[in-house]
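The structure appears below as structure tokens.
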Amino acid sequence: MSSEVEIIRCWLKGLFKTIENADDVEVKDFNFGPLEDRSKPGVVPKSRTHKSLAVLRQVSVSINVMNVEKDYSLIVKVLPTDDNERYSIKHKFKQLLRFSKEVQVYMEIVNPMFSVCKEKQPHIKFMSPPVAEVFLGQMDALNDCLVLENLSKTGFVKYKEKINETECNNGENRDEKCDNDKAVSELISHCNIVLQNVAKFHALSLIISRLEGQALSEIFPFAVEGEGFRQDFKKKMVPLRETLLDYSTWDPLTMKEDADRRHIEASIDKKIHELFWILLGKKSRPNKLDREVLIHGNLDFSTIMFKYEHKKPVDCKFLDLSHVNVSSPVMDIIIFLYSVMSSNLIETCHLSFLLTYHSTLMEFCQQLGVTEGIISLEELLKEFKEKQMFGKIMSCQVMMAKNLLKLDVNEDVNEDDNADDAGNLYISPTKVDLFLQHVEDTCHCPTHSEKTQTERKLSEYKSLEKTGKVKKCEGAFVSFIKTASLSPRLRNIL
């Protein structure tokens, strides 16, 4: 055991010599522990379908640097070296590639971003990029490792945790509409903070491109790929494909012979292939090289941590950089918004969100000295309209199912509901309705989660109404009316 401790101590000493840029470093004490769970209990991040291959540990270290005592809190992310299956089992190998890319992003993109912030510090308002600082990145197939700052020790927490805490502190006896308005207001304030930091991330990628004198796709070729999107698309499509195939073969108009099943399967696969290429085209990098930015590519509340002051979000940091790629700036906005709020709310607020993003982008670019190649607000709005279907489909199984059923070789993705277009899959309109209802019941997107919650409340109310156990409304507004009203009859009704 003592030899293992000394090995770790020696490794930490070498690490902090690099961090502190000093040879006189002594590791006084250190403690490895499990990563604190900062997410809502019982909630599994939606991006995980297999157990993560990476192991995360929180390490607290006390060091002496040139007779000065310092304390550090770090996150160490490693891949187990004794797992020989990571090269032979498909899903483990994919995770290995993801981790390799994340290390590359931190070392080749995040490090330069921090350097730019330090160099421009007197002229810019923000202190650092909206990501954790990286202290070590190593990928040699033997000792794969990533050492980052521990954001939780600097006051960053997950969104769900903070909202739950706020709800509990405020009590339960409040008007439902008031609660809903407050929840929407909190959601919008969080989205604005995220979009401001997205603009910061994009502005830093633009300054890197200008300093290097090259397009981002030329500087970072590893960030130009469609394989990551193909895996994400496949993960969402596979269960949908199997369900659609079952409904197709169960239809009375379909023969039960294997040849017919193979024909239907081929038709479904063709439509999936066409849908994939349409979505990939929307996600691909812009034609103008100077419009390219580095996007996070997978923003939702599971990959973001927030900092709060007086219960209001003031800053955020992005996690999981394995999806970073070169694309249009609007893609980060679309992916994020459709992953956290309903389509109706986005339709109402999207212009305000785009204004928030664009004004922040212009401000940061001005501070960094970027004057050319910045997307205009008009172009941003136009691209949002052209590409928003990507967010709708990738965030919602129902939208994916509808467009899969209606897709035609010579047509772009269409949102209109017309079950007759599924006739070439030999599915009757009745079966289409049943299929879509099944998908809607299992869809966890913000739009259908909100609808399911509303329907559940309505069902509970009707059930109570039948049994005569309907509770009286008792919100803040109703309580005021009851106490203020001069009419006993009105008070009794309420």
Side-chain angles (χ1 to χ4, degrees), residues 105-106 108-133 190-220 223-224 283-297 299 304 307 313-318 321 323-337 349-387:
V105 168
Y106 270 105
E108 297 186 27
I109 294 176
V110 173
N111 264 341
M113 284 184 173
F114 272 92
S115 298
V116 168
C117 289
K118 290 175 182 177
E119 291 173 7
K120 301 276 186 178
Q121 197 55 65
H123 309 289
I124 59 177
K125 294 181 180 179
F126 56 91
M127 302 291 291
S128 63
V131 292
E133 187 173 2
H190 283 80
C191 288
N192 283 327
I193 292 294
V194 172
L195 293 175
Q196 289 168 12
N197 280 276
V198 166
K200 185 190 300 183
F201 193 77
H202 293 173
L204 286 168
S205 71
L206 287 173
I207 188 62
I208 290 174
S209 174
R210 303 305 183 266
L211 291 173
E212 294 292 332
Q214 291 179 284
L216 290 168
S217 54
E218 297 170 350
I219 304 171
F220 307 113
V224 183
K283 190 177 185 293
S284 61
R285 64 185 193 272
N287 295 326
K288 296 180 180 179
L289 295 181
D290 62 351
R291 292 292 195 273
E292 293 179 349
V293 298
L294 289 166
I295 68 168
H296 181 281
L299 283 176
I304 303 172
K307 179 177 280 189
V314 294
D315 196 10
C316 72
K317 295 279 187 178
F318 304 150
L321 303 188
H323 289 76
V324 167
N325 62 91
V326 177
S327 187
S328 166
V330 79
M331 290 311 301
D332 257 345
I333 301 172
I334 288 172
I335 291 170
F336 170 67
L337 290 181
C349 303
H350 74 277
L351 185 56
S352 173
F353 287 139
L354 293 179
L355 284 168
T356 297
Y357 166 84
H358 190 263
S359 61
T360 310
L361 179 68
M362 293 296 292
E363 180 185 356
F364 288 154
C365 284
Q366 185 178 11
Q367 293 175 23
L368 292 168
V370 178
T371 57
E372 297 179 355
I374 306 170
I375 190 170
S376 68
L377 181 59
E378 183 181 3
E379 290 173 317
L380 190 68
L381 180 59
K382 181 182 177 183
E383 283 201 26
F384 183 86
K385 293 294 186 181
E386 291 174 350
K387 298 175 182 290

Which residues share a salt bridge (charged side-chain N to carboxylate O under 4.0 Å, His left out) with Glu363, sequence neighbours left out: Lys125

Indicate the atoms forming the closest heavy-atom contact of [X] with [Y], along with that distance.
| X | Y | value |
| --- | --- | --- |
| Ile335 | Gly297 | CD1-O, 3.8 Å |
| Phe336 | Leu195 | CD2-CD2, 4.5 Å |
| Leu204 | Cys117 | CD2-SG, 4.0 Å |
| Arg291 | Ile375 | NE-CA, 3.9 Å |
| Leu294 | Val326 | CD2-CG2, 3.8 Å |
| Ile295 | Ser328 | CG2-O, 3.6 Å |

Pair His202 and Phe364, ring centroids less than 6.0 Å apart: no

4.5 Å side-chain heavy-atom contact, [X] and [Y]:
| X | Y | value |
| --- | --- | --- |
| His350 | Leu381 | yes |
| Lys387 | Met331 | yes |
| Cys365 | Leu206 | yes |
| Pro329 | Leu361 | no |
| Lys382 | Glu378 | no |
| Ser376 | Leu380 | no |
| Tyr357 | Gln196 | no |
| Glu133 | Met113 | no |

Ring pair (Phe, Tyr, Trp, His ring centres under 6.0 Å) involving Tyr106 - partner list, sequence neighbours excluded: none

Those residues that, when tested against Phe201, pass ring pair (Phe, Tyr, Trp, His ring centres under 6.0 Å) (two or more places apart): none

State the [atom1]-[atom2] distance between [X] and [Y], to the nearest 0.5 angstrom.
| X | Y | atom1 | atom2 | value |
| --- | --- | --- | --- | --- |
| Ile208 | Ile109 | CD1 | CD1 | 7.0 Å |
| Ile304 | Cys316 | CD1 | SG | 5.5 Å |
| Ile334 | Leu299 | CD1 | CG | 13.0 Å |
| Ile374 | Glu379 | CD1 | CD | 11.0 Å |

Derivation and outcome, side chain to side chain contact (heavy atoms under 4.5 Å, CB included), residues Ser327 and Val293: CA-CA 6 Å; Ser327 187; Val293 298; over 6 Å; no

Candidate pair Asn325 and Phe220, rule side chain to side chain contact (heavy atoms under 4.5 Å, CB included), full reasoning: CA-CA 9 Å; Asn325 62 91; Phe220 307 113; over 6 Å; no

Side chains of Ser217 and Glu292, donor plus acceptor under 3.5 Å: yes

Donor + acceptor pair across side chains of Lys317, Ser128 (<3.5 Å): yes

Gln366 atom CD: more than 12 heavy-atom contacts under 6.0 Å: no

Cationic N near anionic O, under 4.0 Å, Arg210 to Glu372: no

Test log, rule side chain to side chain contact (heavy atoms under 4.5 Å, CB included), inputs Leu355 and Leu377: CA-CA 7 Å; Leu355 284 168; Leu377 181 59; 3.3 Å; yes

Backbone of His296 reached by a side-chain donor or acceptor of His323 within 3.5 Å: no

